[in-house]
Amino acid sequence: SVALSPMICVLGPKGGTGKTLTACNLAVGLADAGYRVAVVDLDLQFGDVALSLGLAPDKTLYDLAKSGGSLDAEKLDGYLAAHESGVRALLAPTRPDHAGLITTEFLREIYATLRTAHDYVIVDTPPGFTPEVIASIDSSSHICVVGMLDSLSLKNTKLGLETLDLMGYDRDRTRFVLNRADSKVGISLEDVLAIVGRTPDVAIPSDRDIPVSVNGGTPIVLSKRRSDAAQAFRTLAALYNGGPATRNGRLRLFRRRG
């Protein structure tokens, strides 16, 4: 069987935690280290990957689904938008009513095809455990759960991690990212451990350059390389690529047989 490259599902049980921010900066961080990276916007109704990366959604998942016929790497390549970092993006439909055309079977086929042609596949998911999200979790090799430093988000993060346990997902393949981790909201990292049951693998600090980078369509790992937030996202990328990468993209760790 063909070896499939890692697929990282970025999850946040509730909206507004910074999933898309995390997915895009992780993707660009890996691409910047010399890897071939594809990002899939699975938020089929309200996807923001195109905006976050400053890409025009000329072709989307909807157009790919509508095209019919068999799927191979060459055909799929024609539907990927190219970002300046080298990241290739499969963008969400531009209208919510187009989402219904994309089936879980079709998504599984897309993931398998992308994973044979790229070093990493990052999936930005919508809130909740929808059938599409569950299919993506099942197809993934790793999960990155994103939460924020407030009690509601932490409660939902705990529920999300418990749901992954119930699904039998290997805890060792799950990372926990905490956004706005230095917010002064009366919750300490000890509180996070008490609520969630684990400490974050990576803590992303608050940074006013983050909304500026999102509005400008350039991820902060590129727009403000020296910022603490950019360094934190690079730390997250290093967790997945085993440290500094060779620029030719040949160093591929965490490979697994598909």
Side-chain angles (χ1 to χ4, degrees), residues 1-11 19-20 23-24 26-28 30-31 35-144 167 217 249-250 252 254-258:
S1 65
V2 179
L4 297 178
S5 54
M7 176 169 131
I8 305 160
C9 221
V10 181
L11 285 186
K19 281 191 300 290
T20 302
C24 290
L26 172 58
V28 170
L30 287 167
Y35 294 98
R36 292 173 302 169
V37 182
V39 62
V40 178
D41 192 344
L42 191 68
D43 194 338
L44 302 177
Q45 292 194 322
F46 300 104
D48 285 328
V49 167
L51 268 178
S52 299
L53 292 176
L55 295 170
D58 298 324
K59 290 180 176 174
T60 69
L61 258 165
Y62 172 72
D63 300 304
L64 178 60
K66 213 171 53 164
S67 69
S70 61
L71 189 66
D72 57 31
E74 193 178 346
K75 177 180 177 177
L76 186 49
D77 198 56
Y79 288 85
L80 300 177
H83 186 254
E84 59 178 316
S85 62
V87 168
R88 310 294 300 283
L90 186 54
L91 302 173
T94 52
R95 286 172 37 183
D97 58 308
H98 285 169
L101 196 62
I102 291 122
T103 64
T104 53
E105 292 78 14
F106 183 53
L107 286 171
R108 288 179 199 276
E109 203 180 343
I110 286 170
Y111 295 148
T113 308
L114 285 173
R115 291 174 73 184
T116 56
H118 298 83
D119 298 319
Y120 290 90
V121 176
I122 314 291
V123 181
D124 182 30
T125 64
F129 286 90
T130 64
E132 294 79 21
V133 171
I134 290 169
S136 303
I137 290 168
D138 285 342
S139 297
S140 70
S141 60
H142 298 79
I143 285 178
C144 178
M167 290 172 69
R250 279 196 194 139
R252 299 188 202 174
F254 291 124
R255 300 307 294 262
R256 73 165 194 181
R257 292 274 163 196

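Under the 4.5 Å side-chain criterion, counting only non-hydrogen atoms from C-beta, T60 is not in contact with Y79. Contact annotation: the side chain of L11 never approaches that of C144 to less than 4.5 Å [non-hydrogen atoms, C-beta and beyond]. Under the 4.5 Å side-chain criterion, counting only non-hydrogen atoms from C-beta, I134 is in contact with M167. Looking only at side-chain heavy atoms (C-beta outward), I110 and L61 come within less than 4.5 Å of each other. Using a 4.5 Å cut-off on side-chain heavy atoms (C-beta onward), S141 and R115 make contact. Contact check for L53 versus E84: no side-chain heavy atoms found under the 4.5 Å cut-off. Contact annotation: the side chain of F106 approaches that of L64 to within less than 4.5 Å [non-hydrogen atoms, C-beta and beyond]. No side-chain heavy atom of S5 sits under 4.5 Å from any side-chain heavy atom of Y120.
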For a side chain to side chain contact (heavy atoms under 4.5 Å, CB included) check, start with the C-alpha distance between L107 and E132, then their side-chain angles and the critical distance, and finish with the verdict.
CA-CA 8 Å; L107 286 171; E132 294 79 21; 3.9 Å; yes
Show your reasoning for whether side chain to side chain contact (heavy atoms under 4.5 Å, CB included) applies to K19 and D48.
CA-CA 10 Å; K19 281 191 300 290; D48 285 328; over 6 Å; no
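With respect to V39, the side-chain contact (heavy atoms from CB on, under 4.5 Å) criterion is satisfied by exactly one of V28, L91, I122: I122. Screening V40, V121, I143, L114 against M7 for a side-chain contact (heavy atoms from CB on, under 4.5 Å) leaves a single residue, V121.
A distance-only check finds a donor-acceptor pair linking the side chain of H83 to the backbone of S85 [under 3.5 Å]. A distance-only check finds no donor-acceptor pair linking the side chain of D124 to the backbone of D43 [under 3.5 Å]. Judged by distance alone, the side chain of R88 and the main-chain N or O of A38 form no donor-acceptor pair under 3.5 Å. Checked by atom type and distance alone, the side chain of T20 never pairs as donor or acceptor with a backbone atom of V49 at under 3.5 Å. A donor-acceptor pair under 3.5 Å is absent between the side-chain atoms of S140 and the main chain of I8, judged by distance alone. A donor-acceptor pair under 3.5 Å is absent between the side-chain atoms of S139 and the main chain of R108, judged by distance alone.
The CZ atom of R36 sits 13.0 Å away from atom CG of L30, with the distance rounded to the nearest 0.5 Å. We find the SG-CG distance between C9 and L42 to be 7.0 Å, quoted to the nearest 0.5 Å. With values rounded to the nearest 0.5 angstrom, T113 atom OG1 is found 11.5 Å from D77 atom CG.
The two residues A82 and L55 come nearest to each other via the heavy atoms O-CD2, 3.4 Å. Nearest heavy atoms, L44 versus A99: CB-CB, 3.6 Å. Considering every non-hydrogen atom in both I102 and A65, the closest pair reads CG1-CB, 4.2 Å.
Taking the six-membered ring where tryptophan is involved, the planes of H98 and Y62 are essentially parallel, since the angle between them stays under 30° and well short of 60°.
A side-chain donor from one of Y111 and S136 sits under 3.5 Å from a side-chain acceptor of the other. Looking only at atom types and distance, the side chain of S67 has a donor-acceptor partner in the side chain of K75 under 3.5 Å away.
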